[in-house]
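Structure, as structure tokens:
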Amino acid sequence: MNLLASIRQRFLPALKDLVEDPAPLLDLVRPAQDARFGDFQANFAMPLAKQLGRNPRELAQQIVDSVDLGDFCEPLEVAGPGFINVRISTSHLETLLQQVAGDDRLGVVPVSSPRHFVVDFSSPNVAKPMHVGHLRSTVIGDALCRTLRFAGHKVTSDNHIGDWGTQFGMIIYGFRHFRDETSWQEEPVTELARLYRLVNQLSEYHATRSSLPELTRSLDAARTELEAATAEAEVADDADRKKLKKRVSAANKEVASGEAALHSAEAAIAAVENSAALSRQAADHPQIARLAREETARLHAGDEENLRFWNEFLPCCLEALQRVYDRLDVQFDLTLGESFYNPRLADVVDSLAEQGMAVLSDGAMCVFSPESNAPFIVRKSDGAFTYATTDLATVQYRRDELRADEVLYVVDKRQSGHFQQLFETSVRWGIGDLQFRHVSFGTVMGSNGRPYKTRSGDTVGLESLLDEAVSRARRIVDENDDRRETASLTDEQRARVAEIVGLGGIKYADLHHNRDSDYIFDWDKMLATTGDTATYMQYAYARVCGIFRKLELDRSDIDFSRIPVLLRTDEERRLGLQLLSFGYALDGVLAEYRPHLLTSWLFSTAETFSQFFDKCSVQKAESEELQKSRLVLCDLMARAIRTGLSLLGIDVTETM
RNA sequence: GCGCCCGUAGCUCAGCUGGAUAGAGCAACGGACUUCUAAUCCGUAGGUCGGAGGUUCGAAUCCUCCCGGGCGUGCCA
């Protein structure tokens with residue numbers, strides 16, 4: 001049992017006498033927010049006093065008098081309006097540290113009732129190269145899988161790839177008409193990506209051209225409205241002014257977005273028309289969008305040739321994805337894409353129709369929710385199924401075949417509406433006890449506050465992103481090592497460190513934000529040699545390894561559990577206390593699936609260690625006992641960082 | 001129109017079901033390397049928590065309104 005849990009346990013009897021359900025009150029026992037308040041603080045006396053109509057300080061004192069914590073705490077103190085401050089006795093901390101010494105789990109015990117989680121993450125469209133947008137889902141999803149497993153749950157990671165959608169029709173169309181045979185033989189994935197982009201560009205070109213008049217018209221309308229609203233606002237009296245001000249600002253926005261839309265449309269058209277080759281292709285394929293959709297439809301209908309193409313394309317696409325996952329060290333237990341569920345979709349719609357949940361509306365089969373008026377479309381008017389249908393089939397499969405208790409969807413927060421409909425429909429459909437959770441996250445932004453793009457406006461490919469992270473890290477590794485009196489790393493070691501630091505930096509930058517917020521992608525920040533970055537933890541790890549190297553000790557040869565721990569200085573005590581809090585950092589992560597609580601624990605741990613490193617020499621410890629004790633702390637610290645980072649999918653290195 | 005989200009230090013962000021004097025990192029300024037890796041540590045400075053009300057012993061946190069921004073919203077996924 002961890003320290004916090006045992007303190008709560010001791011408060012339980014006193015609270016039980018006062019209220020029926022002491023659990024919410026016990027949650028108010030927390031690590032102290034300030035060292036002056038001790039190590040832990042109990043905040044329950046105030047709300048409880050209100051509930052009982054009593055004086056909070058007196059109540060706190062009464063509880064303090066009846067609680068038995070003497071064997072491991074200093075005397076409890078009542079402070080302020082009724083806070084109870086708890087300071088663990090140093091000798092108890094020493095005992096606890098000795099108990100967890102040498103333990104990779106730092107005393108964290110697996111959950112008593114494991115659940116089976118299916119974690120749905122990454123989920124790229126296989127026909128397109130992965131881009132920066134897939135990074136968050138992949139990194140957060142992987143971190144959650146690792147953390148859930150560590151906690152003792154059963155986890156099935158599932159990559160729900162898009163391998164059956166519209167984009168395959170586009171590739172098939174491109175393959176038929178625009179294939180470059182040499183490049184297809186030599187670089188199939190690159191060629192498929194090129195075909196996808198080409199067909200997409202030509203389709204967009206035609207669509208944009210035909211939408212141009214409408215864009216111009218609505219921009220004109222917006223400008224007219226802006227003029228009208230502005231004119232009216234000038235002569236309005238106070239009562240109307242506010243309303244009109246709103247109208248003006250809305251009209252302003254409308255004009256701005258109209259102008260932006262027009263400009264980007266013109267740019268898209270120019271991009272094609274400025275190229276002789278593209279213009280010719282566009283002219284030769286005026287119906288390209290429709291024809292590409294028909295290729296998709298033929299594929300779904302079982303057309304032999306299209307299926308053959310699909311079977312030919314898919315392995316190369318998957319191979320390309322696998323390269324990225326291998327490099328990121330992300331593993332999936334299952335990769336069940338849309339195509340896997342295809343045979344089940346018709347039954348899903350039938351079942352919904354039988355239950356009277358799905359009805360025909362404007363030719364489409366829709367599930368209407370009693371609460372919202374937005375339909376959940378499970379079959380389009382052209383007969384094709386949608387991702388709503390696939391997701392419902394997936395829910396059914398995960399319950400019936402995988403026997404999941406809970407499904408986590410690590411998906412962009414912009415899809416929250418879809419998931420709300422999915423979960424609600426599933427419940428009404430009769431999915432039973434299966435729990436759902438949309439683990440949503442914000443958009444990756446560029447420094448301009450817009451979604452992260454290359455200078456030319458393309459999405460950024462994930463592989464080139466990883467390459468850049470590593471090459472930037474390499475420059476930093478070189479600089480640091482060259483600055484030393486004698487460089488300590490070989491060329492090979494530098495390359496390895498750069499890989500670990502570069503990929504760690506990119507992952508950590510993502511994970512250390514609260515996942516809900518959008519975050520600004522910034523190379524300099526994520527690879528900074530100072531501050532709250534993966535590098536800081538990795539460096540702390542390398543330094544602790546350096547201590548053992550210096551003393552010519554092999555950590556694996558030492559039985560740390562037999563060495564008495566002595567916490568003589570503030571730095572040692574703080575480090576010890578910090579190391580004992582790993583468990584509640586993990587509880588925090590899993591309470592709402594927020595990995596940033598683990599990054600912040602790791603940062604505190606590394607920081608506390610750095611202070612210890614600064615003040616408490618191991619090599620020059622005052623006595624042999626003290627040196628051994630410090631080695632225990634060092635070993636625990638190394639395990640803490642290595643284990644904690646590993647739960648985030650981040651590696652460490654012994655030298656850097 | 002309807003729905004969801006956001007606004008905290010110059011910048012990037014934490015702040016858990018309301019708790020003590022609102023915290024980090026970066027940037028700025030000043031210190032610390034004959035000493036286990038200075039990719040470090042110590043210190044200083046920096047805030048009307050978008051605004052106004054309300055709920056109460058106590059509000060960045062809960063409620064209402066206002067201002068500003070984002071996203072989603074019937075046949076893309």
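Every value quoted in this text rests on a predicted model; they were computed, and no experiment measured them. Proteins come first, then strands; the chains are lettered A, B, ... in the order of their sequence lines, and each starts at number 1.
As rounded to whole Å, 10 Å separates atom C1' of B:G72 from atom OH of A:Tyr387. A:Asp518 places its CG atom 9 Å from the P atom of B:C71, with the value rounded to the nearest Å. In this structure, NZ of A:Lys620 is placed 4 Å from C1' of B:U35, rounded to the nearest angstrom. One atom, CG of A:Asn514, and another, P of B:A14, lie 5 Å apart when rounded to the nearest Å. A straight line from CZ of A:Arg484 to P of B:A39 spans 6 Å, rounded to a whole angstrom.
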Give each protein N/O atom lying under 3.5 Å from an N/O atom of nucleotides 1-9 of chain B, with the pair distance.
none

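Taking only side-chain atoms of A:Lys50, from C-beta outward, the nucleotide of B:C57, B:G74, B:C75 with the closest atom is B:C57. Between B:G74, B:C36, B:G19, one nucleotide has an atom nearer to the side chain of A:Pro81 than all others, and that is B:G19. Side-chain proximity of A:Lys380 to B:A39, B:C76, B:C57: nearest is B:C76. Side-chain proximity of A:Thr386 to B:G19, B:A77, B:U73: nearest is B:A77.
Ring-to-base geometry places A:Phe83 in a stacked arrangement with B:A20 (centre distance under 5.5 Å, plane angle under 30°).
Taking the six-membered ring wherever Trp is involved, the centroid distance between the rings of A:His160 and A:Tyr341 falls below 6.0 Å. Taking the ring centroids of A:Phe419 and A:Phe436, they lie at or beyond the 6.0 Å cut-off. Aromatic pair A:Phe376/A:Phe368: centroids not less than 6.0 angstrom apart. Here the two rings, on A:Tyr387 and A:His418, have centers that are under 6.0 Å apart.
Donor-acceptor pairing under 3.5 Å, judged by distance alone, is absent between the side chain of A:Thr166 and the base of B:C76. For B:G70, its base never sits under 3.5 Å from the side chain of A:Thr443 at any donor and acceptor pair. You won't find any donor-acceptor pair under 3.5 Å spanning the side chain of A:Asp481 and the base of B:A39, going by distance alone. No hydrogens or angles were tested; on distance alone, a donor-acceptor pair under 3.5 Å links the side chain of A:Arg36 to the base of B:U21.
Closest-nucleotide positions on RNA chain B for A:Asp27 and A:Asn85 were compared, and the one nearer the 5' end corresponds to A:Asp27. Each of A:Asp362 and A:Ala79 lies near RNA chain B, and the nucleotide nearest A:Ala79 is the one positioned closer to the 5' end.
Taking both residues in full, the closest heavy atoms of A:Pro595 and A:Leu648 are given as CB-CD2, 4.2 Å, listed atom of the first, atom of the second, then distance.
Checking the phosphate oxygens (OP1, OP2) of B:A39, no side-chain nitrogen or oxygen of A:Gln538 falls inside 4.0 Å. For B:A39, the OP1/OP2 oxygens have a side-chain nitrogen or oxygen of A:Tyr539 closer than 4.0 Å. A close approach under 4.0 Å does not occur between any side-chain nitrogen or oxygen of A:Arg543 and OP1 or OP2 of B:U40. Between A:Ser381 and B:G74, a side-chain N or O to OP1/OP2 separation shorter than 4.0 Å is absent.
Less than 4.0 Å separates RNA chain B from at least one heavy atom of each of the following residues of residues 590-608 of chain A: A:His596, A:Phe603, A:Glu607. Listed by residue number, the members of residues 521-537 of chain A with any heavy atom below 4.0 angstrom from RNA chain B are A:Lys525, A:Thr529, A:Thr530, A:Gly531, A:Asp532, A:Thr535, A:Tyr536. A heavy atom lying under 4.0 Å from RNA chain B marks the following residues of residues 28-35 of chain A, by number: A:Leu28, A:Arg30, A:Gln33. Of the residues in residues 121-132 of chain A, none has a non-hydrogen atom less than 4.0 angstrom from any atom of RNA chain B.
Ion pairing between a basic and an acidic side chain is recognised when a charged N comes within 4.0 Å of a carboxylate O; A:Lys413 and A:Asp518 show such pairing.
At least one test fails for A:Arg437 against the ring of A:Tyr409: distance under 6.0 Å to the centre or angle within 45° of the axis.
Using modelled atom types, one finds a donor on one side chain and an acceptor on the other under 3.5 Å when comparing A:Ser440 with A:Asp516.
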Applying the Watson-Crick and G-U criteria (both distances under 3.5 angstrom) with [ ] for crossing and | for other-strand pairs, one obtains for RNA chain B (((((((..((((.....[...)))).(((((.......))))).....(((((..]....))))))))))))....
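Across all strands shown, A:Tyr519 has heavy atoms under 4.0 Å from sugar-phosphate atoms exclusively, and none from any base.
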